[in-house]
Amino acid sequence: NAGVTQTPKFRVLKTGQSMTLLCAQDMNHEYMYWYRQDPGMGLRLIHYSVGEGTTAKGEVPDGYNVSRLKKQNFLLGLESAAPSQTSVYFCASSLRQRPNSPLHFGNGTRLTVT
Amino acid sequence: GENVEQHPSTLSVQEGDSAVIKCTYSDSASNYFPWYKQELGKRPQLIIDIRSNVGEKKDQRIAVTLNKTAKHFSLHITETQPEDSAVYFCAASTDFRNTGNQFYFGTGTSLTVIP
């Protein structure tokens, strides 16, 4: 049981380049999330998904797109990277249950845009 | 949307002393409050959580209290040890049946335990 796995772990992009971050979970969780973490700003929600084929915007969605074609995978795309997107990106997942269940995080992807 | 404020941003304590981190939230619909610990370069990991129908929860040296009326909750760490040094995040979550559980995080507290 690997939990939540993110790839890649590190990436350096030039302004204008594109890339996709992959998140995979093997816990059969319905909900999946993408957060970015910046110094002094905590974790901010980019996009999330409540199930296969569904996505929704979070607090800071601009410049990002997501897809959830399979329940276990949640992809985050940057179409045209900007220096402001330099950050650490965390994927997380949780069960759909009552009451709420906690988030389980991946190990993060450190992205630098030059 | 929900707004979670966390204080202090940094905290230094002597080994063996207690540490208290406080958070406030704005949305009275929030009903689940987890705390995460993040060591340098690692993922956030859940250390304790509390639901809105409970006022206090304890797990060994860690306790969390919740005051729904005042909309604040606190993390208490007793008998601190150097390995408690990390960044701690509070979060508030509202359970929406059709739109998922949205989590809103505080900005973090960097705790240093001085040996």
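Since the structure is predicted, the reported quantities are computational estimates derived from the model, not experimental observations. So you know, we letter chains A, B, ... as the sequences are listed, proteins then strands, and number each from 1.
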OG1/T109(A) to CG/L76(A) distance, rounded to the nearest 0.5 angstrom?
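These two atoms lie 9.0 Å from each other.
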How many angstroms lie between atom CD of Q81(B) and atom CD of E79(B), to the nearest 0.5 angstrom?
8.0 Å
Establish whether W35(B) and I50(B) are linked, either directly or via other cluster members, by ILVMFWY side-chain heavy-atom contacts under 4.5 Å.
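The answer is yes; both residues are in one hydrophobic cluster.
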Among the clusters formed by ILVMFWY side chains lying less than 4.5 Å apart, do L75(B) and Y36(B) turn up in the same one?
no
Tell me, do Y33(A) and Q102(B) make a side-chain contact under 4.5 Å, heavy atoms counted?
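Of all side-chain heavy-atom pairs linking Q102(B) with Y33(A), none is under 4.5 Å.
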Contact check, side chains of E15(B) and P82(B), non-hydrogen atoms, under 4.5 Å
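The answer is yes; the side chains approach within 4.5 Å.
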Among residues 105-115 of chain B, which ones touch chain A with a heavy-atom distance under 4.5 Å?
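So far as heavy atoms go, F105(B), G106(B), T107(B) are the residues that approach chain A to under 4.5 Å.
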Need one label for [X]: side chain, backbone, both or neither, based on atoms under 4.5 Å from any heavy atom in chain B.
X: F105(A); answer: both
X: L45(A); answer: side chain
X: E30(A); answer: neither
X: V4(A); answer: backbone

Portion of [X] that has a non-hydrogen atom of chain A nearer than 4.5 angstrom:
X: S9(B); value: neither
X: N53(B); value: neither
X: P44(B); value: both

Centroid-centroid under 6.0 Å between F90(A) and W34(A) rings
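F90(A) vs W34(A): aromatic centres not under 6.0 Å.
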Determine whether the aromatic ring centres of residues F33(B) and Y25(B) are separated by less than 6.0 angstrom.
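Ring centroids of Y25(B) and F33(B) are less than 6.0 Å from each other.
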I'd like to verify something: which residue of G40(A), G106(A), S94(A) has the highest number of heavy-atom pairs under 4.5 Å with chain B?
G106(A)
Q37(A) versus Q38(B), side-chain donor and acceptor atoms under 3.5 Å:
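Yes - a donor-acceptor pair under 3.5 Å links their side chains.
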For S87(A) and D38(A), does a side-chain donor sit closer than 3.5 Å to a side-chain acceptor?
yes
Among F103(B), F89(B), Y104(B), which residue has the highest count of heavy-atom pairs closer than 4.5 Å to chain A?
F103(B)
